[in-house]
Amino acid sequence: MERLLILNASPRAPRSHSQIYARMLADAWKGSALCQEVRPACHSAIRQAIGEADALVLVFPLYADSLPVPLLRLFKELEACPPCRRPAVSVVVNCGFLEPFQNDIAVEMVRLFCRRNGYPFAAALEIASGEAILDTPFRFLAGRALRRLARAIRRGEHRVFRVTMPLPKRVFLRASTAYWTAYGRRFGVSPRQMASMEIEPGPPSP
Ligand SMILES: Cc1cc2nc3c(=O)[nH]c(=O)nc-3n(C[C@H](O)[C@H](O)[C@H](O)COP(=O)(O)O)c2cc1C
């Protein structure tokens, strides 16, 4: 198996953690690996690239326990207009919380898409604490998991790998709360505002 197509379906693709994971996977791949961002303007180029690939890896963040919109849009497009060949699909999903199982449902959603559309499902890597782990001494755990995933894809093994920071939940919560509180302060947003459902001020009432 040679040609690997890695699709980054993060809505903030160029500045995303998915981008970093995609590059790390490409480095771990022994063969040619092409990384491509998922954007509507690229759908037809992506369809062609999928048809030419030996294996496809979808790299994306977990959004609200589910798949991000760029991936959903691509799935719709591929359902309506399938590629000429359907390579085996693998997944790298990363989420903010500490528990890898948070990603289980998203992986099941991709499996369902594959089953309904005739793509073999290959392997998955569920990364938890995905936005933090890369800046810590535990980064090597993510690198090792990506190398294991690459090996499983090459060997055609159906495996699910999971990785997270080996920290007690309470330590993780304390550190992440401190991080996000300081982050909000930089932009004049209080912890209370961050905990509310309001994303932007609504329209002025009449
Ligand atoms: C709108 C939104 C929804 C999210 N939903 C979840 C979630 O349900 N569970 C979770 O663990 N992380 C969630 N996250 C955190 C992201 O999965 C996490 O920040 C990830 O590292 C982003 O990856 P990216 O940089 O590749 O886009 C969410 C982030 C955003 C912005």
Side-chain angles (χ1 to χ4, degrees), residues 5-28 33-40 42 46 56-75 89-112 124-146 149 160-184 186-187 189 191 193-201:
L5 176 63
I6 303 173
L7 296 180
N8 172 4
S10 170
R12 46 192 212 120
R15 293 181 301 116
S16 63
H17 301 94
S18 299
Q19 179 86 331
I20 301 171
Y21 292 124
R23 291 214 182 108
M24 289 166 77
L25 178 63
D27 289 344
L34 175 68
C35 295
Q36 161 90 50
E37 291 171 13
V38 175
R39 277 182 273 116
C42 307
I46 289 174
L56 169 63
V57 182
L58 303 171
V59 186
F60 60 90
L62 186 71
Y63 265 27
D65 290 333
S66 187
L67 308 181
V69 166
L71 188 56
L72 292 172
R73 287 208 179 113
L74 178 68
F75 281 177
V89 174
S90 297
V91 161
V92 175
V93 49
N94 91 89
C95 75
F97 292 163
L98 185 63
E99 307 88 0
F101 71 76
Q102 303 277 351
N103 296 301
D104 284 354
I105 291 171
V107 173
E108 283 312 304
M109 287 171 153
V110 177
R111 270 189 214 275
L112 179 64
L125 169 59
E126 299 181 355
I127 303 175
S129 63
E131 62 196 348
I133 194 169
L134 291 169
D135 297 323
T136 71
F138 301 120
R139 183 187 173 106
F140 80 97
L141 294 175
R144 188 172 70 186
L146 286 158
L149 178 76
V160 178
F161 300 94
R162 296 187 170 91
V163 67
T164 188
M165 290 204 284
L167 294 175
K169 193 165 175 169
R170 123 189 93 72
V171 174
F172 179 77
L173 279 178
R174 206 181 311 128
S176 55
T177 303
Y179 173 84
W180 285 112
T181 304
Y183 196 89
R186 268 170 50 205
F187 295 94
V189 181
Q193 285 171 305
M194 281 192 271
S196 80
M197 295 296 284
E198 199 161 292
I199 299 173
E200 288 170 359

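This structure is a prediction, so every number in the text was calculated from the model and none was measured. Ligands are counted one by one from 1 in listed order, and the atoms in each one are counted from 1 as well.
- For the pair I127 and V92, the minimum side-chain heavy-atom distance is below 4.5 Å.
- More than 12 heavy-atom neighbours from other residues, nucleotides or ligands sit within 6.0 angstrom of CZ on R162.
- Side-chain contact between E126 and Q102 is absent, with no heavy-atom pair separated by less than 4.5 Å.
- For ligand 1, the protein residues within 4.0 angstrom (heavy atoms only) are S10, R12, S16, H17, S18, P61, L62, Y63, A64, D65, N94, C95, G96, F97, E131.
- In this structure, the side chains of F60 and V110 come closer than 4.5 Å at one or more pairs of heavy atoms.
- Using the six-membered ring where Trp is involved, Y183 and F187 have ring planes that are tilted, between 30° and 60° apart.
- Here the side chains of L58 and F75 are in contact, with some heavy-atom distance below 4.5 Å.
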